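This structure is a prediction, so every number in the text was calculated from the model and none was measured. Just so you know, these numbers use all the heavy atoms, side chains as well, and skip hydrogens, waters and symmetry mates.
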Amino acid sequence: MIKVKILNPQLDRNEPTFRPLLIVKEMLKYYSIEITESDSYDYLMVGMHDFIDKKRPLQESIEYGLETLSKIEGDYFLVDGSDSTSLMGAYEVFEQSNAIYLLKNQLLPNREDYKVPYAFNKFFFGTGSELDLSYDIPKDKWDRIKFTGYNLGYLLPHYRDLQPISTNKPHDICAIFQGVHNESYDHKVRNDLLYTNHRDGLWKQLEPLKSKYNIVTGKRPFQEYIQTLSQSKICLSPFGMGELGFRDFEAMKYGTIILKPSHKLVDSVPNMMIDDETYIACAHDWSDLDEKIDYVLDNFKEVNERINYNIRKAFEEKYSYENLCMYYYNMFSNLPNIDKG
């Protein structure tokens, strides 16, 4: 039995970071993995709260992370549970530490992709910020950056309760979301304007289409949003601070076609977001939004059946608790000095 301890599992961002593992805590025992609270453990998992502090300047955050890790005895993993492919603040600590692996929910597909500088290391934010970051990652380091094996789809078990797809969809488009982010900062650099430009920009692009289609926009109470979502043909799902969002799983649950920016640069395990197979992909700047909407609504019956079938099939096949447990069994089994018998 491999004993794994989680450092401060309920503290701040560590809670959602480790929630999926704690959901399958008892099941993991059948895969020879025990999540323990004891100080007698084989491996320690260190969550982002304990090695990244986004309230500090980036260099101070790195120093904070390395100071935390210098006190750890034994083998440990770093677990960055953020919702984007960005390595900001995590890679800098990882490359200077003795961590076995850096685990991420989502990554860019190739290490070369990280050589391009982007604001906060988020490709969808573009360039030109005070904190444009890129990483030239050696192959040996890249080979030790792994997936957590989970993402937002494991955080809320009710996503598994797939609802009958409504045959009465009076709304063409549901574009209900937070458009304007409150002023916020990462490492003392303002990040909310890029979020707002993307999301509020989508609302502005929809304004001329309101005379042509039945479109619901704005920010609404959750139950009103869910009702509108289930009665809409299309759910527009912009990126937020990350690429994959709760809205993607909510639309899947209620049988509404997702139309959102392409995920071709987003890799994850599991991954149900396949361009034009499980959702309809558009450009990140919304430049082809009109034609994508026209395509879906002009071919609604065929697209509705195909997309909803594909995304639900992908979710049910990939997002099982057994798959999550097996992912960790395989990860630990491939470490040196592990008895595979």
Practice task
Carefully, step by step, assess Asp42 and Lys3 under the rule salt bridge (Lys or Arg N to Asp or Glu O under 4.0 Å).
Solution key: CA-CA 5 Å; Asp42 298 301; Lys3 293 187 177 182; over 6 Å; no
Practice task
Identify whether NZ of Lys or CZ of Arg in Arg111 sits under 6.0 Å from the centre of the six-membered ring of Tyr135 and within 45° of that ring's axis.
Solution key: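 No, Arg111 and Tyr135 do not form such a contact.
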Exercise for the section: Output every pair passing side chain to side chain donor-acceptor pair (under 3.5 Å) with a member in residues 227-244, not counting sequence neighbours, ordered by first then second residue. Expected result: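 Residue pairs with at least one partner in residues 227-244: Thr85-Glu243, Gln106-Glu243, Asp172-Lys233, Ser237-Asp248.
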Exercise for the section: Quick one: do Asn151 and Tyr319 satisfy side chain to side chain donor-acceptor pair (under 3.5 Å)? Show the steps, please. Expected result: CA-CA 10 Å; Asn151 49 47; Tyr319 280 82; 2.8 Å; yes
Assess whether a salt bridge exists between [X] and [Y], defined as any Lys/Arg side-chain N lying under 4.0 Å from an Asp/Glu carboxylate O.
X: Asp290; Y: Lys292; answer: no
X: Arg312; Y: Glu316; answer: no
X: Lys212; Y: Asp294; answer: yes
X: Glu60; Y: Arg56; answer: no
X: Asp200; Y: Lys204; answer: yes

Please report whether the ring centroid of [Y] lies less than 6.0 Å from that of [X].
X: Phe123; Y: His284; value: yes
X: His263; Y: Phe239; value: yes
X: Tyr101; Y: Phe147; value: no
X: Tyr114; Y: Tyr91; value: no

Handout entry: Tyr154 vs Pro270 side-chain heavy atoms within contact, under 4.5 Å
Key =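 Of all side-chain heavy-atom pairs linking Pro270 with Tyr154, at least one is under 4.5 Å.
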Practice task
Following the transitive rule for hydrophobic clusters with a side-chain heavy-atom cut-off under 4.5 Å over Ile, Leu, Val, Met, Phe, Trp and Tyr, establish whether Val269 and Leu265 coincide in one cluster.
Solution key: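 Looking at the clustering, Leu265 is in the same group as Val269.
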Exercise for the section: Would you indicate whether Lys210, at its atom NZ, is surrounded by more than 12 heavy atoms from other residues, nucleotides or ligands within a distance under 6.0 Å? Expected result: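 Above 12, so yes.
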Problem - Flag if over 12 foreign heavy atoms under 6.0 Å of CD, Glu73 - result: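 Not buried by this count: 12 neighbours or fewer within 6.0 Å.
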Practice task
To the nearest 0.5 angstrom, please state how far the OH atom of Tyr43 sits from the OG1 atom of Thr36.
Solution key: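 So the OH of Tyr43 and the OG1 of Thr36 are separated by 15.0 Å.
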Practice task
Please round to the nearest 0.5 Å and tell me the distance separating atom CZ of Arg19 and atom CG of Leu21.
Solution key: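 One finds 12.0 Å between CZ of Arg19 and CG of Leu21.
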Practice task
Walk me through it: do Phe51 and Tyr64 pass the test ring pair (Phe, Tyr, Trp, His ring centres under 6.0 Å)?
Solution key: CA-CA 6 Å; Phe51 71 95; Tyr64 158 77; 8.9 Å; no
Throw together a table of side-chain donor-acceptor distances under 3.5 angstrom for residues 23-33, partners on residues two or more places apart or in other chains.
{"from": "Glu26", "atom 1": "OE1", "to": "Lys29", "atom 2": "NZ", "distance (Å)": "3.1"}

Practice task
Decide whether Tyr185 and Glu183 meet the rule of one side-chain donor and one side-chain acceptor closer than 3.5 Å.
Solution key: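 Result is yes, a qualifying pair exists.
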Practice task
Just jot down the side chain to side chain donor-acceptor pair (under 3.5 Å) partners of Thr17, sequence neighbours excluded, or say none.
Solution key: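 Thr17 satisfies side chain to side chain donor-acceptor pair (under 3.5 Å) with no other residue.
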Handout entry: Listed partners of Glu130 passing side chain to side chain donor-acceptor pair (under 3.5 Å), at least two apart
Key =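 Glu130: no side chain to side chain donor-acceptor pair (under 3.5 Å) contacts found.
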Exercise for the section: Not counting sequence neighbours, which residues clear side chain to side chain contact (heavy atoms under 4.5 Å, CB included) with Ile72? List them please. Expected result: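 Only Leu44, Val46, Leu69, Tyr76 meet the side chain to side chain contact (heavy atoms under 4.5 Å, CB included) criterion with Ile72.
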Handout entry: Other ILVMFWY residues reachable from Tyr254 by side-chain steps of under 4.5 Å
Key =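 Via sub-4.5 Å side-chain contacts, Tyr254 links to Ile176, Val216, Phe222, Tyr225, Ile226, Leu229.
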